[in-house]
Amino acid sequence: MKKMLTGLQPTGVITLGNYIGAIKQMVKYQDEYESYLFIADLHSITVPQDPTELSKNIKSLLALYIACGIDPNKNIIFIQSENEYHANISWLLECNTYYGELSRMTQFKDKSKKQVNFTSGLFTYPVLMAADILAYDADYVPVGVDQKQHVELARDIAIRFNKKYGDTFTIPEPLISASGTKIMDLVDPTKKMSKSSDNQKGVIRLLDDVNVIRKKIMGATTDSEMIVKFDPINKPGISNLINIYSAITNMSISDIESKFSTSNYGQFKREVADVVIDEITKIQNKYNEIINSDTLNEILDNGIKITREIAKKKFEDMKHKMGFMRV
Ligand code: ATP
Ligand code: LTN
């Protein structure tokens, strides 16, 4: 059975973008693949985190995974920092990754610009991500397009390591949602909808009050043309709403254009809000049911037990091949 793996950072309540770009993909394929889903808490500290907030966000993200339809019986779910082998493997891979390669990562370029003083962890972040993926020989990595370059780097590192030390890793492939969707900020639709965005109005979070969600969608930036037509260059706001509607309802872009051909933007936005709220209400109900249950700890105990074994084996294999042994 092919393996699939992904992780999300506990950097705040996840957005509709995270849900559509990563989680929905995991749910869609959970019956087909052996699935690993983790909380990338080690990645989150590449930018400053408040410790109390961080622990809360970790728990909340776990509950949201389940609330979004991730079945704990079909997925191995764990916390990255509980598995010490990820950081160990990452170091061995770091010494097989070039400075030039990491310098070309566009996320690093963007995120480092936003801070006066950024850490070296922000720079080596993609290597830890490669370790997460390669430790489990994942075949597929469901991510939003913004992470594609990192998965490609993981491929390059795996190919290089295999060539140098012999066959060790499966070469992973990014799994991008069918429409290649990147959900954009509702206020500035040229910018990715991001968990850590400063402008709350542009970001829909899965735990937002539904009335707030409706207000955000009704207030989304559009254009003056008044035609519901997909044209990301000239009509980024409307195209973003079409993408959201399409991802939630599974309707094609052209069917959506026909359905709303005689609607004005207000009517279209109301319908987008209806389908988004319907989906998010189900998620919130499930979340409230499980957030304080013991099941969450049981899921994590099971996950760490399984994944520690697998990652340990990979680490030992790498060490052996690299010459770390007594002779
Ligand atoms: P941060 O703002 O902290 O960088 P983020 O919102 O970009 O967070 P991540 O935790 O980095 O979220 O990403 C989790 C997953 O969600 C990744 O697979 C990423 O590609 C996907 N993702 C994030 N934002 C979007 C978006 N706007 N559209 C589609 N997919 C997205
Ligand atoms: N870098 C990713 C989170 C992440 C991840 C991974 C995704 C860490 N390790 C391994 C897929 C596979 C992000 O910021 N979204």
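We count residues from 1, following the sequence as given. Both counts, for ligands and for their atoms, begin at 1 and track the order of listing.
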With heavy-atom distances below 4.0 Å as the criterion, list the atoms of ligand 2 near [X].
{"X": "Thr6", "value": "7 (C), 11 (C)"}
{"X": "Gln147", "value": "1 (N), 2 (C), 13 (C), 14 (O), 15 (N)"}
{"X": "Ala40", "value": "8 (C)"}

- prompt: How are the rings of His150 and Tyr125 set relative to one another: parallel (under 30°), tilted (30 to 60°) or perpendicular (over 60°)?
  reply: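 Because their plane-to-plane angle lies in the 30° to 60° range, the rings of His150 and Tyr125 count as tilted.
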
- request: Look at the aromatic rings of His86 and Tyr136 and report parallel, tilted or perpendicular, splitting at 30° and 60°.
  value: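 Tilted: the ring planes of His86 and Tyr136 meet at 30° to 60°.
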
task: For ligand 1, note which part of Ile183 has a heavy atom under 4.0 Å away: side chain, backbone, both or neither.
output: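 Both parts.
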
- prompt: Of the backbone atoms (N, CA, C, O) and the side-chain heavy atoms from C-beta on, which set of Ala22 has a member under 4.0 Å from an atom of ligand 1: side chain, backbone, both, or neither?
  reply: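 Side chain only; the backbone of Ala22 stays clear of ligand 1.
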
query: Looking only at heavy atoms, is any part of Ile133 under 4.0 Å from ligand 2, and if so is it the side chain, the backbone, or both, or is it neither?
result: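 The answer is the side chain.
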
- prompt: Does the N or O separation between Asp132 and ligand 2 drop below 3.5 Å for any pair?
  reply: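 Checking ligand 2 against Asp132, an N or O pair does fall under 3.5 Å apart.
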
Heteroatom proximity flag, Gln80 to ligand 2, N/O under 3.5 Å: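 Gln80 vs ligand 2: no N/O contact under 3.5 Å.
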
query: What do you reckon, does Ile20 put a non-hydrogen atom under 4.0 Å from ligand 1?
result: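 Outside the 4.0 Å threshold, so no.
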
- prompt: Strictly under 4.0 Å, does any heavy atom of Leu8 approach an atom of ligand 1?
  reply: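 Yes.
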
Presence of salt bridge, [Y] and [X], under 4.0 angstrom:
{"X": "Glu53", "Y": "Lys56", "answer": "yes"}
{"X": "Glu101", "Y": "Arg160", "answer": "yes"}
{"X": "Asp274", "Y": "Arg214", "answer": "yes"}
{"X": "Arg308", "Y": "Glu84", "answer": "yes"}

query: Does His150 come within less than 4.0 angstrom of ligand 2, counting non-hydrogen atoms of the residue?
result: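 Contact absent.
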
field: Within-shell test, Leu8 vs ligand 2, heavy atom, strictly < 4.0 Å
entry: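 No, Leu8 has no heavy atom closer than 4.0 Å to ligand 2.
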
field: Distance-only N or O hit between ligand 1 and Thr15, under 3.5 Å
entry: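 No.
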
- request: Answer yes or no: are there more than 12 heavy-atom neighbours, outside Asp294 itself, under 6.0 Å from its atom CG?
  value: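 Incorrect, the count does not exceed 12.
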
field: Where Leu5 and Pro142 come nearest, the two heavy atoms and their spacing
entry: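 Reported closest heavy-atom pair: O-CD, 3.4 Å.
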
Which atom of Ile213 lies closest to which atom of Val276, heavy atoms considered: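 Scanning both residues, the minimum pair turns out to be CG2-CG1, 4.0 Å.
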
message: To check your reading of the model: name the closest protein heavy atom to atom 14 (O) of ligand 2, its residue, and the distance in Å.
response: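 That would be Tyr125 OH, 2.5 Å.
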
- request: Mind running side-chain hydrogen bond (donor to acceptor under 3.5 Å, both in side chains) on Asn57 and Ser60 for me, showing each step along the way?
  value: CA-CA 5 Å; Asn57 284 339; Ser60 164; 5.5 Å; no

- prompt: Between Lys195, Gln9, Lys111, which one has a non-hydrogen atom sitting closest to atom 4 (O) of ligand 1?
  reply: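 It is Lys111 that holds the nearest heavy atom.
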
